Amino acid sequence: MSTTFAITPEPELKNLGHRHYNGKGIIHSIESCGAVDGPGLRYVLFLQGCLMRCLYCHNRDTWDLHTEQAQELDVATVMKQVMTYRHYLRATGGGVTATGGEPLLQYEFVRDWFTACREHDIHTCLDSNGYALHYDLILDDLLDHTNLVMLDLKQIDPEIHKVLVGIPNTKTLKFARYLTERNQPTRVRYVVVPGYTDDERSAHLLGEFIGDMDNVEMVELLPYHELGAHKWALCGDEYKLKGVHPPPKETILKIKEILESYGKNIIY
């Protein structure tokens, strides 16, 4: 039996129109040899800015768009670095990944960067929570130059999502459906957080939501970890999941079994 997912109205978010784009991206950090941000070895850009407030966020220092540590780079500068690594990226079946933060908040820059990468036959991956503010030609052009979207579906239940993430999942679910309409190759990422996303009901809700999405190639289960907790204190915030520990393997295997019953390939 199919499930109807209610869409919770989203609070008004102010001052989130098109920011002035000067041809540069606001970059938190760069990883030249990433092994967990898509297929193969990857050149990874961590972009500043995110509107979600996940309780388990391990990149708390990427939330603000502008910080003293951030640097602004244009596509030409980034591509000089990418081209020095292109041979081993290709040899491993890898490429480049835009992550963050939330890269869709700087979608003009990511569009320009991915366009340059595709001109050199370099695989592109968008690691996103689906928070698209604008559905326009820029977004379509970005997705046209994206080989793979890794989409974080944090929780399908809207009320639990608001507790876990701070805002409704309206925009994320809309973006997921848009990717399906485009038949965009997509890998869903699902973080298994004890007390929030590790129960069977949540797994079934996810399975029901993505079950008929033929563009979803696989689901990647990511066990919650505490590795980024120290960043919260550095940013002057309290980490609210103190005492929450990674889920046992049995929990991961049970969620894997449930999602497989909806016809999806699972990795973890």
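Bear in mind that the values here come from a model prediction, so they are computed numbers and not experimental data. What you see below is based on every heavy atom in this structure, not just the backbone, and it leaves out hydrogens, waters and symmetry mates.
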Exercise for review: Please tell me if the side chains of P194 and P247 come closer than 4.5 Å, counting only heavy atoms from C-beta onward.
Suggested key: yes
**Study point:** Rounded distance [0.5 Å steps], OG1 in T172 versus CZ in R177
**Key:** 11.0 Å
Check your understanding: Looking at R187 and E220, does any basic side-chain N land under 4.0 Å from a carboxylate oxygen?
Key -> yes
Review point. Is the shortest heavy-atom distance from the side chain of V193 to the side chain of L55 under 4.5 Å?
Key: no
Review point. Cut-off 3.5 Å, side chains only: do D157 and H161 have a donor facing an acceptor?
Key: no
Review point. After noting the C-alpha distance and the side-chain angles of K154 and V191, does the key distance pass the side-chain contact (heavy atoms from CB on, under 4.5 Å) rule?
Key: CA-CA 6 Å; K154 302 173 187 296; V191 182; 5.9 Å; no
Practice item. Examine K240 relative to Y56 and say whether NZ or CZ is less than 6.0 Å from the centre of the six-membered ring and inside a 45° cone about the ring axis. Key: no
Check your understanding: Does a side-chain heavy-atom distance below 4.5 Å link H123 with R90?
Key -> no
Exercise for review: In sequence, state the C-alpha distance, the side-chain angles, and the governing distance for H134 and L139, and then conclude on side-chain contact (heavy atoms from CB on, under 4.5 Å).
Suggested key: CA-CA 7 Å; H134 309 285; L139 179 63; over 6 Å; no
Review point. Would N59 and K231 count as having a side-chain donor-acceptor pair, cut-off 3.5 Å?
Key: yes
Exercise for review: Spell out, as yes or no, whether a donor-acceptor pair under 3.5 Å connects the side chain of Q106 to the backbone of Q48.
Suggested key: yes
Exercise for review: May I ask you to check whether T99 and D127 show a side-chain donor-acceptor distance below 3.5 Å?
Suggested key: yes
Practice item. Indicate if V244 and V165 have the same hydrophobic cluster label, given that clusters are the connected sets of ILVMFWY residues with side-chain heavy-atom separations under 4.5 angstrom. Key: yes
Check your understanding: With no hydrogens and no angle check, is any side-chain donor or acceptor of N215 less than 3.5 Å from a backbone partner on T186?
Key -> no
Review point. Considering only heavy atoms from C-beta outward, does the side chain of P185 approach that of N147 to under 4.5 Å?
Key: no
Check your understanding: Does a side chain donor of either Y43 or Q81 reach within less than 3.5 Å of an acceptor in the other side chain?
Key -> yes
Revision key, fill the gap. Y239 and K242 have their tightest heavy-atom pair at O-CG, 3.3 Å
Check your understanding: Any Lys/Arg nitrogen of R182 or D140 sitting under 4.0 Å from an Asp/Glu carboxylate oxygen of the other?
Key -> yes
Check your understanding: Distance-only, no hydrogens or angles: does the S128 side chain make a donor-acceptor pair with backbone N or O of L151 under 3.5 Å?
Key -> no
Check your understanding: Got more than 12 heavy atoms from elsewhere within 6.0 Å of CG, L234?
Key -> yes
Review point. With a 6.0 Å cut-off on ring centres, are F109 and Y21 close enough?
Key: no
Check your understanding: Same hydrophobic cluster for V110 and F46, using side-chain heavy-atom links shorter than 4.5 Å among ILVMFWY?
Key -> no
Practice item. Please determine, by modelled atom types, if E102 and N129 share a side-chain donor-acceptor pair under 3.5 angstrom. Key: yes
Point to revise | W63 and W232 aromatic ring geometry - parallel, tilted or perpendicular at 30°/60° bounds | key: perpendicular
Exercise for review: Start with the C-alpha distance between Y135 and Y178, add both sets of side-chain angles, then the distance that settles side-chain contact (heavy atoms from CB on, under 4.5 Å), and finish with yes or no.
Suggested key: CA-CA 9 Å; Y135 286 79; Y178 190 66; 3.6 Å; yes
**Study point:** Residues E260, K256: salt bridge by 4.0 Å N-O rule
**Key:** yes
Review point. From L65 CG over to H28 NE2, what is the distance, rounded to the nearest 0.5 angstrom?
Key: 12.5 Å
Review point. Between the side chain of R42 and the main-chain N/O of V96, is any donor-acceptor distance below 3.5 Å?
Key: yes
**Study point:** Nearest-0.5 Å distance, CG of residue L126 to CG of residue L143
**Key:** 7.0 Å
Review point. Between G101 and T62, which heavy-atom pair has the shortest distance, and what is it?
Key: N-OG1, 2.8 Å
**Study point:** Same apolar cluster (I L V M F W Y, side chains within < 4.5 Å links), Y190/M213
**Key:** yes
Check your understanding: In Å, rounded to the nearest 0.5 Å, how long is the span from NZ of K171 to NZ of K174?
Key -> 7.5 Å
Study note, to complete from the structure: dist T92:OG1 -> H87:NE2 (nearest 0.5 Å) comes out at 13.0 Å
Review point. Does any non-hydrogen side-chain atom of I258 lie less than 4.5 Å from one of L206?
Key: no
**Study point:** Partner residues of D74 under the salt bridge (Lys or Arg N to Asp or Glu O under 4.0 Å) criterion, sequence neighbours left out
**Key:** none
Practice item. Look up atom CD1 in I27 and atom CG in L73, then write down how far apart they are to the nearest 0.5 Å. Key: 5.5 Å
Point to revise | Verify same cluster id: M150, F114 (apolar side-chain graph, 4.5 Å) | key: no
**Study point:** Test item: V44 and I30 side chains (from C-beta on) under 4.5 Å apart, heavy atoms
**Key:** no
**Study point:** SB check R118 D144 (cutoff 4.0 Å)
**Key:** no
Check your understanding: Checking D37 side chain against T97 main chain: does a donor-acceptor pair fall under 3.5 Å?
Key -> no
Review point. Where do W113 and A98 come nearest, in terms of heavy atoms and distance?
Key: CZ3-CB, 3.9 Å
Check your understanding: What are the two closest non-hydrogen atoms of M79 and C117, and how far apart are they?
Key -> SD-SG, 3.7 Å
Point to revise | Nearest heavy atoms of Y196 and Q155, plus distance in Å | key: O-NE2, 2.8 Å
Exercise for review: Would you confirm whether D136, through its side chain, and I138, through its main-chain N or O, come within 3.5 Å as a donor-acceptor pair?
Suggested key: yes
Review point. Does the side chain of H204 pick up a donor-acceptor pair with the side chain of Y262 at under 3.5 Å?
Key: yes
Exercise for review: Test side-chain contact (heavy atoms from CB on, under 4.5 Å) on I167 and M52 and set out the steps.
Suggested key: CA-CA 7 Å; I167 58 177; M52 291 190 177; 3.8 Å; yes
Exercise for review: Check whether any side-chain heavy atom of I255 lies under 4.5 Å from a side-chain heavy atom of L221, and answer yes or no.
Suggested key: yes
**Study point:** Under 3.5 Å side-chain donor-acceptor pair for T251 and D198
**Key:** no
Practice item. Indicate yes or no: at least one non-hydrogen side-chain atom of H230 is less than 4.5 angstrom from one of H58. Key: no
Practice item. Would you kindly say whether D64 and T67 are connected by a side-chain donor-acceptor distance under 3.5 Å? Key: no
Study note, to complete from the structure: Shortest non-hydrogen pair, L41 vs L89, comes out as O-CD2, 3.2 Å
Review point. Can you hop from I266 to L153 via hydrophobic side chains spaced under 4.5 Å?
Key: yes
Check your understanding: Is R111 salt-bridged to E108, cutoff N-O under 4.0 Å?
Key -> no
